[in-house]
Colleague: 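Structure in structure tokens, see below.
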Amino acid sequence: MPAGAVTTKDDKLTLIAVSVLACILQDILHEGLGHGVTAWLSGAHHLTMSTVALQSDIDTRWISANGTLVNLLFAAIFWLFLLRPQRYRPTTCYFLVLAMAGNLFTGTGYFLFSGVANFGDWAAVIHGLEPHWMWRLGLVVLGAVSYYASMLIVAAKLRQFHGKDESPRRLRVLCWTPYFTDGILAGVAGLLNPAGLFYVIASALPSTLGANAGLLSLPSMMRRRSEQQQLGPIQRSTAWITAGAIASVLFICVLGRGISWSR
């Protein structure tokens, strides 16, 4: 360790708990507020929401589009909160960064995924529009450019955790922990969904392991260290760990099985 470096040891359980809560928030915003509320306001009579999909008795372009649009809206809100990170404790700041990252990566990643695979929310949005190949190409270009821009935005907010004398190991832990935590959580919860195993492979895993792949590359992108004072270690927090554990159980056992509404 270089002379003058600050020894920073983040608590692993708290990192996992924060990652869980940020992941669940992003999923509920996408499926619930984005797709679910839009479908309800559009006149749907029956809805089933799970961790991997929203099933509705009606289908419109707005219902398909609003999942990602809500994600992008809330990513902007979390970005505004992070304009003054000194107001927050390190753990709260880390949660806001992950919440912003998850919503950004899901929102922009869906453009790229739907354009390449011709499947998913934005494939439904452009269905029937001609020339179809041009719309798909537009999604691919939009997705690639916006996803890279999202990585730069997240990297800028993560720099406060990476001081000029700090080992790169801390940054890898802060980025890779949520990546693998989200993938495991989404996979386990998805196994219980009423739509079947197909949606685990086609939706749950791509929307986490695929969409959040930027987290794996961020440490190598952020070789320039921050000249600002770095945030201190993320210490063990019983409150965050308890909230993460309760949210995980509800996410897997309740939302994972699907929740239905009718009118």
Side-chain angles (χ1 to χ4, degrees), residues 21-79 98-129 135-136 138-140 142-144 146-147 149-150 154 182-183 185-187 189-190 193-196 198-214 251 254-256 258-261:
L21 291 169
C23 173
I24 291 174
L25 176 61
Q26 174 272 316
D27 188 88
I28 291 175
L29 288 173
H30 183 92
E31 302 293 353
L33 184 58
H35 294 318
V37 171
T38 304
W40 191 258
L41 294 177
S42 298
H45 290 86
H46 182 76
L47 300 174
T48 298
M49 174 185 164
S50 68
T51 61
V52 300
L54 179 93
Q55 296 172 290
S56 168
D57 56 356
I58 64 171
D59 188 21
T60 69
R61 286 193 170 96
W62 274 115
I63 294 173
S64 298
N66 275 1
T68 50
L69 295 181
V70 165
N71 285 139
L72 294 175
L73 171 63
F74 275 84
I77 292 172
F78 292 128
W79 179 82
L98 290 187
M100 180 189 71
N103 281 280
L104 271 178
F105 291 157
T106 298
T108 58
Y110 243 121
F111 298 138
L112 183 60
F113 173 73
S114 291
V116 171
N118 197 29
F119 177 80
D121 292 347
W122 284 85
V125 172
I126 67 170
H127 178 72
L129 300 179
W135 284 95
R136 287 184 64 184
L139 284 179
V140 171
L142 174 62
S146 60
Y147 193 89
S150 298
V154 175
D182 294 1
L185 179 66
N193 86 88
F198 171 77
Y199 276 91
V200 179
I201 300 171
S203 180
L205 296 182
S207 66
T208 51
L209 297 180
N212 292 330
F251 187 72
V254 179
L255 190 57
I259 301 174
S260 297
W261 294 270

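This structure is a prediction, so every number in the text was calculated from the model and none was measured.
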Colleague: Going by the rule side-chain contact (heavy atoms from CB on, under 4.5 Å), which residues pair with Trp40 if we only count those two or more places apart in sequence or in a different chain?
Modeller: Leu47, Trp261, Arg263
Colleague: Do Leu185 and Ile24 touch side chain to side chain, with heavy atoms closer than 4.5 Å?
Modeller: yes
Colleague: Ser50 and Asn193: side-chain donor and acceptor closer than 3.5 Å?
Modeller: no
Colleague: Who passes side-chain hydrogen bond (donor to acceptor under 3.5 Å, both in side chains) against Asp27, sequence neighbours left out?
Modeller: none
Colleague: Taking Asp57 for its side chain and His46 for its backbone only, find out whether a donor-acceptor pair lies under 3.5 Å.
Modeller: yes
Colleague: How about Trp62 and Leu69: do any of their side-chain heavy atoms sit closer than 4.5 Å?
Modeller: yes
Colleague: Does Ser56 have any side-chain hydrogen bond (donor to acceptor under 3.5 Å, both in side chains) partners at least two apart in sequence or in another chain, and if so, which?
Modeller: none
Colleague: I'd like to check Leu255 versus Ile28 (side-chain heavy atoms, cut-off strictly below 4.5 Å). Are they in contact?
Modeller: yes
Colleague: Over all heavy atoms of both residues, which pair between Ala39 and Leu54 is shortest? Give the atoms and the distance, please.
Modeller: CB-CD2, 4.1 Å
Colleague: Residues in side-chain contact (heavy atoms from CB on, under 4.5 Å) with Asp59, at least two apart?
Modeller: Ser64
Colleague: Under the 3.5 angstrom rule, does the side chain of Tyr147 hit a backbone N or O of Phe111 as a donor-acceptor pair?
Modeller: no
Colleague: Using modelled atom types only, decide if a donor and an acceptor are shared between the side chain of Arg61 and the backbone of His127 within a distance under 3.5 Å.
Modeller: yes
Colleague: Looking at side-chain heavy atoms only, is the closest gap between Phe78 and Leu25 below 4.5 Å?
Modeller: yes
Colleague: For Asn103, run the side-chain hydrogen bond (donor to acceptor under 3.5 Å, both in side chains) check against Thr108, Asn71, Thr68 and tell me which one passes.
Modeller: Asn71
Colleague: Please work out whether the ring planes of Tyr110 and His30 are parallel, tilted or perpendicular, with thresholds of 30° and 60°.
Modeller: parallel
Colleague: So, for Ala44 and Ile58, which heavy atoms are closest and what is the spacing to 0.1 Å?
Modeller: N-CD1, 3.6 Å
Colleague: Just verifying a value: how many Å separate Leu104 CG and Leu72 CG, rounded to the nearest 0.5 Å?
Modeller: 6.5 Å
Colleague: Give me the one residue out of Asn212, Thr106, Asp182 that meets side-chain hydrogen bond (donor to acceptor under 3.5 Å, both in side chains) with Gln26.
Modeller: Thr106
Colleague: What residues, two or more places apart in sequence or in another chain, satisfy side-chain hydrogen bond (donor to acceptor under 3.5 Å, both in side chains) together with Ser114?
Modeller: none
Colleague: Do Arg136 and Ile126 have side chains that get closer than 4.5 Å, going by heavy atoms?
Modeller: yes
Colleague: Excluding sequence neighbours, so at least two apart, what forms side-chain contact (heavy atoms from CB on, under 4.5 Å) with Ile77?
Modeller: Leu73, Phe74, Phe81
Colleague: Locate the shortest heavy-atom distance separating Gly143 from Ser146; write the atom from each residue and the value.
Modeller: O-OG, 3.3 Å
